[in-house]
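Read the structure below first, then the notes.
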Amino acid sequence: MDVKEAIRNRASVRRFRTDPAPDELIREMLEAARLAPSGCNAQPWRFKVVTDRRIKLELARAAHRQNFIAKAPTVIVCCADIGGYIDRTVSTMQDLGKLGEVASRIVDQTCKNAEEMRKMDAAQIGPVVAFNVAIAVEHMVLRAVELGLGTCWVKLLDEPLIKKIFGWDDNMHVVSLLAVGYPGIEPKQREKINMEDILL
Ligand SMILES: Cc1cc2nc3c(=O)[nH]c(=O)nc-3n(C[C@H](O)[C@H](O)[C@H](O)COP(=O)(O)O)c2cc1C
């Protein structure tokens, strides 16, 4: 399957077969996430793979009782490591500056921005880091199509409640859940707006 086909065949799946999504396929999806692009190559994504029935029930509850989450064989909790993001942004930019690949003016500005970020509270900085994670999540989604697995993004969630389940502090920002499993019904592509409608 080529990328075009994976993009065309993808559709959110909310009904799953009961058999597990094999560990090696979940690993393949995580590998696709690992290779995603990110600002300053900071790679802030962190993932918790959940198959435990009780924890999946808690996650479904924390996602405003979207019960299909508990029925997915695997749920991947997709997070952003905020401190790690800032540290890696600074170190990558400093390295690029030393190599002469980035002008010192850009290095200084990026490092200054990063230091400003350290002063922000989690609610402010979380969404800034989150879009890097979103790219990695979509890498997983497309790889899943190729592997015959179905997925559904879940963003409607109570973040503090999810952090409480795992005992995470404010350094970890929960970006989304990703429900994963073999589709229980044939995924049906949903209607999309036309090309003319997206061009400005
Ligand atoms: C950022 C994001 C958040 C989403 N959150 C939820 C969610 O909380 N619950 C849900 O059932 N679907 C969620 N979805 C799936 C969308 O409803 C779905 O992508 C949309 O209806 C289009 O359908 P398609 O994915 O089959 O093309 C989310 C999708 C994205 C990209």
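Just so it is clear, the structure is predicted and the values come from calculations on it, not from any experiment. Start at 1 and go down the list; that is how both ligands and their atoms are numbered.
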Atom indices of ligand 1, in the order listed, that fall short of 4.0 Å to a heavy atom of [X]:
| X | result |
| --- | --- |
| A11 | 26 (O) |
| R10 | 24 (P), 25 (O), 27 (O) |
| R14 | 10 (C), 11 (O), 12 (N), 15 (C), 16 (C), 17 (O) |
| K155 | 3 (C), 4 (C), 5 (N), 6 (C), 7 (C), 8 (O) |
| F68 | 11 (O) |
| L156 | 8 (O) |

Going by an N to O cut-off under 4.0 Å, is there a salt bridge joining R61 and E58?
-> no

Charged N to carboxylate O below 4.0 Å: is that the case for D87 and R118?
-> yes

Of V175, D81, V174, which meets side-chain contact (heavy atoms from CB on, under 4.5 Å) against V133?
->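 Result for side-chain contact (heavy atoms from CB on, under 4.5 Å) with V133: V175.
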
Under 3.5 Å side-chain donor-acceptor pair for N41 and Q43 =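 Present: a donor and an acceptor within the cut-off.
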
At a non-hydrogen distance cut-off of under 4.0 Å, which region of C152 contacts ligand 1 (side chain, backbone, both, or neither)?
->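 Answer for C152: side chain.
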
Which protein non-hydrogen atom lies closest to [atom], naming both residue and atom, and how far is it?
| atom | result |
| --- | --- |
| atom 23 (O) of ligand 1 | R190 CD, 3.4 Å |
| atom 18 (C) of ligand 1 | S12 OG, 3.5 Å |
| atom 22 (C) of ligand 1 | K192 NZ, 3.7 Å |
| atom 13 (C) of ligand 1 | W153 O, 2.9 Å |
| atom 10 (C) of ligand 1 | Q66 OE1, 3.5 Å |

Write down the atom of Y182, the atom of G148, and the distance for their closest heavy-atom approach.
->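 So the two residues come closest at CD2-O, 3.5 Å.
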
Derivation and outcome, salt bridge (charged side-chain N to carboxylate O under 4.0 Å, His left out), residues E5 and R8 | CA-CA 5 Å; E5 210 178 330; R8 280 211 154 275; over 6 Å; no

Hey, does K188 sit under 4.0 Å from ligand 1 if you only count heavy atoms?
-> no

Could you go through the side-chain contact (heavy atoms from CB on, under 4.5 Å) check for N113 and Q109 one step at a time?
-> CA-CA 6 Å; N113 291 350; Q109 187 60 51; 3.0 Å; yes

Residue K155 excluded, over 12 heavy atoms near NZ under 6.0 Å = yes

List the steps and the verdict of side-chain contact (heavy atoms from CB on, under 4.5 Å) for E28 and L147.
-> CA-CA 9 Å; E28 285 290 318; L147 297 167; 3.7 Å; yes

